[in-house]
Amino acid sequence: MRASTGIRCATVLVVSAITLSSSIRTPAQSATWLDTYRDAASRLIGESMATTFAWDRLALLGDTFGHRLSGSDSLEKAIAWAAVEMRKDGLENVRTEPVKVPHWVRGRESLDIVEPHRSALAMLGLGNSVGTPPDGIEADVMVVRSLADFDAAGDRVKGKIVLFNVPFTTYGDTVTYRTSGPSRAAARGAVAMLVRAVGPPGLRTPHTGVLTYTEGEPRIPAASIATEDADRLQRMQNRGTKVRLRLKMEAKMLPDADSANVVAEIRGSERPDEVVVVGGHFDSWDVGTGSTDDGGGCVVTWEALRLMKQLNLRPRRTVRVVLFTNEENGLAGGRAYLARYRSQLANHVLMLESDSGVFRPTGFGFTGSMTARAMMQQIATLLKPIGADHIGPSGGGADIGPAVEAGSIPSMSLEVDGNYFLIHHTEADTVDKIDPADMAKAAAAVAIVAYVVADMPERLR
Ligand SMILES: [Zn+2]
């Protein structure tokens, strides 16, 4: 902490001692700069918890527009709606900032066992996958349980449909089979790739998600299948049964489409050029309604500004919400934000993303200096009443990532206790999995952190 902080805090102390009720403190407890924020924090919690506004807004978003895949009409209609609603909320400088996004379309798709008996499997093509010929691809399946297993299979992969049947451990560890599996299989001559759903076992819910083709390798179609079906194919192979599959996918990539990041602000009263950014990604996969991934994250960060506005809380610095486009299959929104604001990154005080669902909030992950971490730990004590006072070892998010990295900006992520990886990227990603009170707490937590960091006398460093 810098030397001047103690002097500023002393000034604040006098003010807070007058404005705060003395009944809640004994003289032995010395007041701190944080005391000036206790009243605002409890009002933000009270305002958020008093209604189901955030949940209702998320439900309306999903019910009205459905999914929001990049390039879809539904995403663009939802973007236009969000900008209108932000103006109705009284937010300032509401704007849409144009971004070109990839335009992948799924089309019709199916996966069937054709031998030893005909049976349909629960599948979802992977995002950015190529399609199959109109009649599909028919081939024997080869099930592998790990990369070592795959390597051991050697040339036997050639001409097969490879299934990576790897049980979910963590997203970071397991997702690599989805992203790099197609090109690994293609390099060995496989004709298509399947991956066990990257998530804990659900109720026969395959998980879509993006794949990444390696330059120079053939592009083969790839799809996710439900854990139940992956285990069934494994059992059949283990018994020595020859299993023949037919995969049909109409998937294709169209020319890039027009989209936009949605931006709104509460301008700072003293240092408007210094900015605290909060946000999530507004695009989703084309299954379910993207309520957990990441409509909820967008609504609670947006809600942070709406709550401040409702309570007439205008911080010294600007608070900006950004609903990023195209996180799922391109990250074009996050990159466009960096390109547009590159010259202003030094004025970004903090960037906060919510993209782990809006279940019961437990706190925030934080990445920044030790001084800033100590500050965040103090601020987090204001979140004790809603149980969200934990500050984890690292924070950030895909959308804020490009700017955070380029500007070495302190970054945070909302942390929650919930079944995110069971739900996201599936048909089951709908608003009914989310509890309105949890969502109200999440919105209050984001609002308090954003407000205090934007308003506190010393800049977070
Ligand atoms: Zn997401």
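Numbering of ligands and ligand atoms starts at 1, following listing order.
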**Q** Can you pull out every side-chain hydrogen bond (donor to acceptor under 3.5 Å, both in side chains) where at least one residue sits in residues 435-452? Sequence neighbours excluded, please.
**A**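 Residue pairs with at least one partner in residues 435-452: there are none.
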**Q** Can you see which heavy atom on His207 is nearest to which on Phe421, and at what distance?
**A**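 Looks like CE1-O, 2.9 Å.
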**Q** Is a donor on one side and an acceptor on the other found under 3.5 Å between the side chain of Glu427 and the backbone of Gly288?
**A**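 It does hold such a pair.
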**Q** Which pairs with one or both residues in residues 401-419 pass side-chain hydrogen bond (donor to acceptor under 3.5 Å, both in side chains), sequence neighbours excluded?
**A**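 Qualifying pairs: Arg360-Asp417.
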**Q** Taking the six-membered ring for Trp and the single ring otherwise, decide whether the centroids of Phe359 and Tyr420 are under 6.0 Å apart.
**A**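 Ring centroids of Phe359 and Tyr420 are no less than 6.0 Å from each other.
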**Q** Hey, could you give me each pair passing salt bridge (charged side-chain N to carboxylate O under 4.0 Å, His left out) that has a residue in residues 192-214? Not counting sequence neighbours.
**A**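 Listed once each, the pairs are Arg196-Asp231, Arg204-Asp229.
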**Q** Give the total of protein N/O/S atoms at a distance below 2.8 Å from the Zn ion (ligand 1).
**A**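 Protein N, O or S neighbours of the Zn ion (ligand 1) under 2.8 Å, waters not counted, come to 4.
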